[in-house]
Amino acid sequence: MNELVLEISAFCISLFCLTDCLRNRTELYLPLKKGWVRRFKDRHFVYLMLLVTMMISALSSVLEVAIEHHYIPGSIFGVYLLNQAYFVFHTALPLMFSMYINNLTGVLKNKGRTFFLICVTPLLIGELIILTNPFTKIMYSVDSNMTYSRGPFMWLIYAIALMYVAFGVIYFFRNTSILSELDRSATIVLVFIAIL
C-alpha cells in the first residue's frame, strides 16, 4: 500500500510540475536544438524529460497494482506489459536525474558525443536486459497467479541507478559554488530525495 501511495504522489507531483513548465514554456524554453547531445545540454529539456519519465513510470506502476488488485482472468499480459513499462522508464530516471544535475552545474557544457555515449551505455545495457526479459526471465517473472519474483540480474538495475545517482551527487557537490542560492537549495532537496 505504501508503494502505491508513493507512486500516486510521484505521478501527481510530476504532472503538476510538467503542467506548470508547459504553461510557462515561453518564459523558460528556447526552441529545441537539433541532435540529442545538444538537447541533453539543455537543462530545461532534460527537466521535462525527467518529469515525463517519472510520470510514465509512476502511472504504469499504479495501473499495474490496480489490475493486480482487481484480478480479471487473462489480465496477466496487461500486468506484464505495465511491469515492463515501469522498469523501462524507472531505469531511465537516474540518468535523467544525473543529466539534470550536471546541466545545472555546467559540467556538460563542453562535453562531446563520446562522453554522452559513455554515459548512456549502462542505461542501454539495462534497457536491453529489461526488454529481453519476457524471453530470458533474468530480471523478474510473473506467474499465472500474478506472483512477482525477482530474477538473478535485478541487482544490475540497482547498480546502474546507484552509479548515475552517485555521478550526479559527486558533480553537484564539486560544483555547488556555480549555482545560485535558490538552485543550490532546490537541488540539495532533489539530491536527498533521490538518495532516499
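Minimum interatomic distance between S14 and L51 (heavy atoms only, all atoms of both residues): CB-O, 3.7 Å.
Criterion: ILVMFWY side-chain heavy atoms under 4.5 Å apart, direct or through other members. Under it, Y100 and F16 are not part of a common hydrophobic cluster. By the rule that hydrophobic residues join a cluster once side-chain heavy atoms approach within less than 4.5 Å of another member, M99 and L162 end up as members of separate clusters. M96 and I13 fall into different hydrophobic clusters, where Ile, Leu, Val, Met, Phe, Trp and Tyr side chains are chained together by heavy-atom contacts under 4.5 Å.
Distance check, rounded to the nearest 0.5 Å: NZ of K111 to CG of N103 gives 12.5 Å. Residue S98 holds its OG atom at 7.5 Å from CG of L108, rounded to the nearest 0.5 Å. To the nearest 0.5 Å, atom CG of residue L48 and atom OG1 of residue T53 are 10.5 Å apart.
Residues that satisfy the side chain to side chain contact (heavy atoms under 4.5 Å, CB included) test with L15, not counting sequence neighbours, are F11, T19, M55. Annotation: side chain to side chain contact (heavy atoms under 4.5 Å, CB included) contacts of S60 (sequence neighbours excluded): L82, A85, Y86. The side chain to side chain contact (heavy atoms under 4.5 Å, CB included) check on F172 picks up I101, T105, T176, L179, R184, T187, I188, V191, with sequence neighbours excluded.
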Start with the C-alpha gap between M154 and F87, add the side-chain angles, then the distance that decides, and say whether side-chain contact (heavy atoms from CB on, under 4.5 Å) holds. CA-CA 11 Å; M154 183 62 83; F87 273 113; 3.5 Å; yes

Pair F153-K137, side-chain contact (heavy atoms from CB on, under 4.5 Å): steps then yes or no: CA-CA 9 Å; F153 275 76; K137 308 279 193 245; over 6 Å; no

From CA spacing to verdict: side-chain contact (heavy atoms from CB on, under 4.5 Å), N102, F167: CA-CA 9 Å; N102 289 312; F167 178 62; 3.1 Å; yes

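Pairs engaging residues 152-170 under the side-chain hydrogen bond (donor to acceptor under 3.5 Å, both in side chains) rule: R150-Y158 [sequence neighbours left out]. Applying the ring pair (Phe, Tyr, Trp, His ring centres under 6.0 Å) definition to pairs two or more places apart or across chains, none involves residues 102-137.
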Would you tabulate the side-chain donor-acceptor contacts of residues 122-132 under 3.5 Å, counting partners in other chains and residues two or more places apart, or write 'none'?
{"residue": "T132", "atom": "OG1", "partner": "L128", "partner atom": "O", "Å": "2.9"}
{"residue": "T132", "atom": "OG1", "partner": "I129", "partner atom": "O", "Å": "3.2"}

